[in-house]
Structures are given as C-alpha cells and as structure tokens.
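Heavy-atom basis, side chains included; hydrogens, waters and symmetry copies ignored.
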Amino acid sequence: MTADGGVRSMADLHCHTSASFDSLSKPQSVVRAAAERGLTHVAITDHDRLEGALEARAAATDDIHVIVGQEVRTSAGDLIGLYLERPIPSGLAPHEAAQLIRDQGGVVGVAHPFDRFRAGAGRKGWETELEQLVPLLDYVETWNARLMVGDGNSRAAAFAATNALAGAAVSDAHTLLEVGVAYTITDGPLDTAHDFRAAMSGFTFVTARGSRLVRVAMPFAKLVQKIRGNGRALPA
C-alpha cells in the first residue's frame with residue numbers, strides 16, 4: 001500500500017515451475033516463496049505450457065496474485081504471454097505468436113532479447129520480424145537476472161526506449177532460491193491485462209539481489225535439465 005492508501009504492486013513477471021523441462025520447483029512452492037518475499041504478484045511462465053501456472057493459481061492465497069503466463073518458443077526466440085487461459089503453440093513466427101496472445105486479451109513481452117546465450121531479438125532471424133512484432137509488444141525484459149555475461153540488459157533497455165516500450169525486471173527463476181531476486185514495482189493493481197497496461201508507464205525495478213544467487217542456482221538448473229533428458233540447451 002502506498003503512503004496515500006493506494007495499491008502498490010510488486011511483481012516477478014517471469015518464473016518457472018516443474019511444468020518446465022528445466023525446473024523442479026513445485027507450483028505451490030513458487031507461490032509460497034513469492035509471498036514470503038513480499039511480492040504481491042508472481043507470473044508463472046513455463047515453457048510452452050500452462051499447467052504449472054494454473055496449478056499455482058489454484059494454490060494462491062489472498063496475499064499473492066498469480067498471473068497465468070507462458071514463455072513461448074517462437075521460430076526466432078522467446079516471447080512472454082501474460083494473463084492467458086489457453087496455451088500458445090510453439091514454433092510460430094514471433095508476430096504470429098504475439099497476435100495469438102493479444103487475441104486472448106493477454107499482454108506480450110519479449111524475453112531476454114539480447115542475451116548472447118539465448119535466442120532473442122538481438123539474434124539472427126529477428127531482423128525481418130521486428131517490424132511486424134514491435135507494434136504487438138507491451139513490454140521488454142530490460143533486466144533479466146539470469147543474464148550475467150555481457151551488456152544484454154542495457155541493450156534491452158535501449159531497445160525499449162527506442163521503441164517507446166515499457167521495461168520490466170524479472171528473476172527468470174528456475175529454482176526457489178531465485179524467486180523475487182529481481183522484480184517490478186508499480187502503484188496500482190496488476191490483477192488483469194487492463195491493469196498491467198494502465199500501470200506500465202510507472203514501472204520501477206528492484207534488481208540488485210540477482211547475480212550472486214543465480215550463480216549458485218544455474219548449475220542446479222542445468223543438472224535438472226540433464227536428469228530430465230531434454231536436449232534443449234540452457235545458457236552457459
């Protein structure tokens with residue numbers, strides 16, 4: 001709550017659960033961790049599926065709001081869809097996936113766009129897509145706590161500014177340790193897509209707690225991927 005009695009939202013907009021191939025975090029545990037760390041909202045954005053997010057939403061208590069989302073693998077990189085009720089198919093062109101998110105009334109974000117180890121807007125294949133994609137975007141991950149090498153976050157911030165898009169800070173948590181290491185703050189609710197768009201211009205960030213925890217958690221997440229036998233590579 002703000003000093004004048006208004007609502008203040010603190011949201012981690014990119015978290016994974018055991019519904020993702022590279023995480024073992026139970027949905028209920030992610031929700032509990034987010035609430036214990038003072039967040040008011042947590043977006044569950046598993047890879048190409050909603051089951052974990054729906055389970056997390058069912059487990060949410062009055063002190064935490066779960067945003068049902070998805071990290072969508074497109075033909076050229078990853079998008080984030082928020083406030084979804086149906087999964088978005090993987091493998092579509094970025095603008096096609098973004099349009100399907102909007103068709104549901106959802107919010108469209110671009111994930112870790114300039115991480116050199118993960119596909120995104122800075123990689124080959126996006127050049128012809130950006131002209132069609134940018135008008136469909138709502139926000140850019142301008143601080144992704146898992147981006148530890150290079151200037152990807154600053155490039156993402158520049159990309160957002162150039163295209164007059166909101167920026168958001170996210171943990172991209174794959175372990176419970178990471179939940180809330182970076183998050184976005186705004187005055188006003190974030191319970192719906194309409195709320196989100198109304199609040200975007202006032203987004204501020206907490207980013208300082210991420211890198212040390214992520215350095216500990218990353219080897220664990222890689223081990224999870226290996227145990228599960230999925231061939232998709234995690235960032236180095």
Criterion side-chain hydrogen bond (donor to acceptor under 3.5 Å, both in side chains) on H112 and N153, from CA distance to verdict | CA-CA 8 Å; H112 43 72; N153 282 330; over 6 Å; no
So, for T142 and A160, which heavy atoms are closest and what is the spacing to 0.1 Å?
-> CG2-CB, 3.8 Å
Between A93 and T74 the two heavy atoms that sit nearest each other are C-CB, 4.3 Å
Nearest non-hydrogen partners of P113 and V140, listed with the distance = CG-CG1, 3.8 Å
Side chains of V110 and D78 in contact at under 4.5 Å (non-hydrogen atoms) = no
Give the cluster check for V66 versus Y83: same hydrophobic cluster or not, with ILVMFWY residues linked at side-chain heavy-atom distances below 4.5 Å.
-> no
Pair D172-H174, side chain to side chain contact (heavy atoms under 4.5 Å, CB included): steps then yes or no = CA-CA 7 Å; D172 197 355; H174 285 67; 3.2 Å; yes
Run the numbers on R116 and V149 for side chain to side chain contact (heavy atoms under 4.5 Å, CB included), then give the verdict.
-> CA-CA 8 Å; R116 67 178 65 176; V149 178; 4.0 Å; yes
So do R8 and T186 actually touch side chain to side chain, heavy atoms under 4.5 Å?
-> no
Co-membership, hydrophobic cluster, residues F196 and F205, 4.5 Å side-chain = yes
Side-chain heavy atoms under 4.5 angstrom apart, residues restricted to Ile, Leu, Val, Met, Phe, Trp, Tyr: same cluster for V170 and V181?
-> no
Under 4.5 Å between any side-chain heavy atoms of V68 and L54, yes or no?
-> yes
What's the spacing between I67 CD1 and L84 CG if we round to 0.5 Å?
-> 10.5 Å
Are the side chains of K26 and R32 in touch, meaning some heavy atoms are under 4.5 Å apart?
-> no
Taking all non-hydrogen atoms of both residues into account, name the closest pair between A56 and I44 and its distance.
-> CB-CG1, 3.8 Å
Hydrophobic cluster membership, I88 vs L137, 4.5 Å side-chain cutoff = yes
Is R37 salt-bridged to E178, cutoff N-O under 4.0 Å?
-> no
Apply side-chain hydrogen bond (donor to acceptor under 3.5 Å, both in side chains) to E85 and Q104, showing your working.
-> CA-CA 8 Å; E85 292 296 335; Q104 290 191 42; over 6 Å; no
From E36 atom CD to S29 atom OG, the distance as rounded to the nearest 0.5 Å = 9.5 Å
What's the spacing between M10 CE and L39 CG if we round to 0.5 Å?
-> 7.0 Å
Is there a side-chain contact between L165 and D138, using heavy atoms and a 4.5 Å cut-off?
-> no
Could you check whether the rings of F159 and F114 sit parallel, tilted or perpendicular, using 30° and 60° as the cut-offs?
-> perpendicular
Grab the two heavy atoms, one from D63 and one from A35, that are nearest each other, plus how far apart they are.
-> OD2-CB, 4.0 Å
For the pair R102 (side chain) and L136 (backbone), establish whether a donor and an acceptor sit closer than 3.5 Å, ignoring hydrogens and angles.
-> yes
Would you check, one step at a time, whether the test salt bridge (charged side-chain N to carboxylate O under 4.0 Å, His left out) holds for E51 with R57?
-> CA-CA 10 Å; E51 291 91 335; R57 184 170 67 178; over 6 Å; no
Okay, side chain of Q99, backbone of E96: is any donor-acceptor separation there less than 3.5 Å?
-> no
Is there a path from V206 to L13 through hydrophobic residues (I, L, V, M, F, W, Y) whose side chains come within less than 4.5 Å of each other?
-> no
Considering only NZ, NE, NH1 and NH2 on the basic side and carboxylate oxygens on the acidic side, decide whether R73 and D48 come within less than 4.0 Å.
-> no
N/O donor-acceptor pair under 3.5 Å between T45 side chain and G69 backbone = no
Distance from E141 atom CD to L79 atom CG, nearest 0.5 Å?
-> 10.0 Å
Output yes when a side-chain donor or acceptor of T17 lies under 3.5 Å from a complementary backbone atom of A19, and no otherwise.
-> yes
Taking the side chain as every heavy atom from C-beta outward, state whether I101 and V108 have any pair of such atoms under 4.5 Å apart.
-> yes
For the residue pair Q70 and D46, establish whether any side-chain heavy-atom pair is separated by less than 4.5 Å.
-> no
Side chain to side chain donor-acceptor pair (under 3.5 Å) with H41: of D191, D12, D195, only one passes, and it is D191
D115 bridged to R146 by N-O distance under 4.0 Å | no
Smallest heavy-atom separation, H16 atom then S23 atom, equals O-OG, 3.8 Å
Verify the ring-centre separation between F203 and Y139: is it less than 6.0 angstrom?
-> no
Atom CG in L92, atom OG in S75: separation rounded to 0.5 Å?
-> 7.5 Å
Quick one: CH2 on W143 to OG1 on T184, what's the gap to the nearest 0.5 Å?
-> 12.5 Å
